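Reviewing the structure listed below.
The shown structure was predicted, so the numbers you read here are calculated from the model rather than taken from an experiment. Chain letters run A, B, ... following the sequence lines, proteins first, then strands; residues in each count from 1.
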Number of protein chains: 2
Amino acid sequence: MNFSIEEIRNKLSEKGLKVTPQRLAILDAIYRSGDHPTAENIIEYIRHRNPNIAAGTVYKVLETLIENKLVKKVYTDKDVMRYDGILENHHHLYCTDSDIIKDYIDEELDDLLRDYFKNHKIKGFNINEVVVQLKGSFDKP
Amino acid sequence: MNFSIEEIRNKLSEKGLKVTPQRLAILDAIYRSGDHPTAENIIEYIRHRNPNIAAGTVYKVLETLIENKLVKKVYTDKDVMRYDGILENHHHLYCTDSDIIKDYIDEELDDLLRDYFKNHKIKGFNINEVVVQLKGSFDKP
DNA sequence: GTGGTTGCAAACCCTTTGCACGGCA
DNA sequence: TGCCGTGCAAAGGGTTTGCAACCAC
């Protein structure tokens with residue numbers, strides 16, 4: 001997932017958000033990160049080019065991006081938040097041996113689940129989104 | 001889910017854990033809670049009968065219970081941890097309007113997913129557990 | 001008896017907040 | 001220019017830790 005700075009700029013202004021160097025840098029960092037970065041990962045990554053960014057700013061920007069649906073939080077069982085720049089429906093592989101969380105995109109699975117829940121309504125609950133967490137381990141190298 | 005104190009006592013000693021009033025009370029609180037309690041919920045519940053329990057103790061006991069697979073952490077996008085006493089494979093309904101997380105047990109879905117992933121191996125990843133997060137909203141009363 | 005548990009309080013760390021300054025539109 | 005966004009530092013709150021006292025086995 002690699003967007004040019006120009007594309008990122010457009011994403012921000014489409015949402016009516018002011019385009020600032022901090023927001024560009026944070027979105028860029030999330031997009032470039034193969035994994036699902038924590039706030040700390042993002043801060044560290046950005047500081048190489050932008051040493052003066054404040055941690056508070058990063059959290060505020062992330063909140064703004066989430067509110068504007070440019071970024072999602074990833075559900076984990078750890079106590080630090082992780083962020084994800086992929087917006088289309090996708091799933092996650094959680095490695096129980098490490099802290100790696102990989103994206104898993106599988107449209108066939110999405111179709112299967114859509115069909116399944118079309119025929120198996122849950123009484124009193126309206127489904128918006130179905131996310132599968134696959135927990136296991138990556139092969140050792 | 002209602003276990004007698006005697007059953008809870010057995011669960012602990014089967015794992016080689018010392019049976020203490022605190023551990024009994026905490027497991028009992030989790031089992032009795034219909035929802036998925038936070039540490040704070042548990043502390044509050046227990047204090048009615050056991051006013052002297054320390055917060056630190058509750059966290060330590062929870063960690064021990066998780067290590068011994070008597071309790072699970074629930075993945076959320078919030079910054080407080082929640083705990084779950086159901087051990088068999090099950091899924092969760094996340095309400096986007098409230099903080100309610102309900103259990104969703106569906107063996108037919110489990111079978112469907114088991115078949116699906118039997119035929120769709122993920123290269124380099126060994127699946128141990130498949131958990132579905134259903135995000136949406138409960139009907140208003 | 002004795003090693004694992006608990007209570008307590010302080011430390012920790014991630015995250016949030018308040019406010020004055022700064023910079024995008 | 002006006003107002004949103006940022007930097008800074010302090011506060012906040014859930015969780016962890018260290019250690020002495022305790023108690024289940």
Using residues 112-120 of chain B as the side-chain source, report each donor-acceptor pair under 3.5 Å to any protein atom, sequence neighbours left out, with the distance given to one decimal.
from     : atom 1 : to       : atom 2 : distance (Å)
B:Arg114 : NH1    : B:Asp111 : OD1    : 2.8
B:Tyr116 : OH     : A:Asp106 : OD1    : 2.9
B:Tyr116 : OH     : A:Asp106 : OD2    : 2.8
B:Tyr116 : OH     : A:Leu109 : N      : 3.3
B:Asn119 : ND2    : B:Asp115 : O      : 3.2
B:His120 : ND1    : B:Tyr116 : O      : 2.8
B:His120 : NE2    : A:Glu108 : OE1    : 3.3
B:His120 : NE2    : A:Glu108 : OE2    : 3.0

Legend entry - Distance, nearest 0.5 Å, that separates NE2 of B:His92 from NE2 of B:His36: 3.5 Å
Inset, instruction - Starting from the first five and the last five pairs of the helix from C:dG1-D:dC25 to C:dA25-D:dT1, work out the angle between the resulting helix axes, to 10 degrees. - result: 40°
Legend entry - Residue pairs passing the salt bridge (charged side-chain N to carboxylate O under 4.0 Å, His left out) test where at least one lies in residues 18-28 of chain B, sequence neighbours excluded: B:Asp28-B:Arg32
Inset, instruction - Can you run down the salt bridge (charged side-chain N to carboxylate O under 4.0 Å, His left out) pairs that involve residues 34-46 of chain A, sequence neighbours left out, and say none if there aren't any? - result: A:Asp35-A:Arg82
Legend entry - Range on DNA chain C touched by chain B - first to last nucleotide, heavy-atom distance under 4.0 Å: C:dG3 to C:dC8
Legend entry - Members of residues 71-81 of chain A that approach DNA chain C, where some heavy atom sits under 4.0 Å away: A:Val80, A:Met81
Nearest whole Å is fine: how far is [N] [atom2] from [X] [atom1]?
X       : N      : atom1 : atom2 : answer
A:Arg23 : D:dG7  : CZ    : C1'   : 14 Å
A:Ile53 : D:dG7  : CD1   : P     : 5 Å
A:Ile46 : D:dG7  : CD1   : C1'   : 14 Å
A:Leu65 : D:dT6  : CG    : C1'   : 14 Å
B:Glu44 : D:dG14 : CD    : C1'   : 15 Å
A:Lys15 : D:dG5  : NZ    : P     : 15 Å

Inset, instruction - Taking all non-hydrogen atoms of both residues into account, name the closest pair between B:Ile86 and B:Asp84 and its distance. - result: N-OD1, 2.9 Å
Inset, instruction - Could you tell me whether A:Ala55 contacts a base, only the sugar-phosphate backbone, or nothing, with contacts defined as non-hydrogen atoms closer than 4.0 Å? - result: nothing
Extract all donor-acceptor atom pairs below 3.5 Å that involve side chains of residues 132-139 of chain A and protein atoms in other chains or at least two apart in sequence.
from     : atom 1 : to       : atom 2 : distance (Å)
A:Asp139 : OD1    : B:Asn126 : ND2    : 3.0

Legend entry - Neighbour count >12 (heavy atoms, 6.0 Å) for atom CZ, B:Arg47: yes
Whichever hydrophobic residues join [X] through chains of side-chain contacts under 4.5 Å:
X        : result
B:Val80  : none
A:Ile101 : A:Val74, A:Tyr75, A:Tyr94, B:Val74, B:Tyr75, B:Tyr94, B:Ile101
A:Leu87  : none

Legend entry - Per-nucleotide protein contact string for nucleotides 17-25 of chain D, where B marks a base within reach and S marks sugar-phosphate only (heavy atoms under 4.0 Å, - for neither): BBB----BS
Inset, instruction - Would you verify whether the NZ or CZ of B:Lys73 falls within 45 degrees of the ring axis of B:Tyr83 while also being under 6.0 Å from that six-membered ring's centre? - result: no
Inset, instruction - Validate the cation-pi geometry between B:Lys102 and A:Phe125: distance from NZ or CZ to the six-membered ring centre under 6.0 Å, angle to the ring axis within 45°. - result: no
Inset, instruction - For B:Arg9, enumerate each residue passing the salt bridge (charged side-chain N to carboxylate O under 4.0 Å, His left out) test, keeping only those at least two apart in sequence or located in another chain. - result: B:Glu6
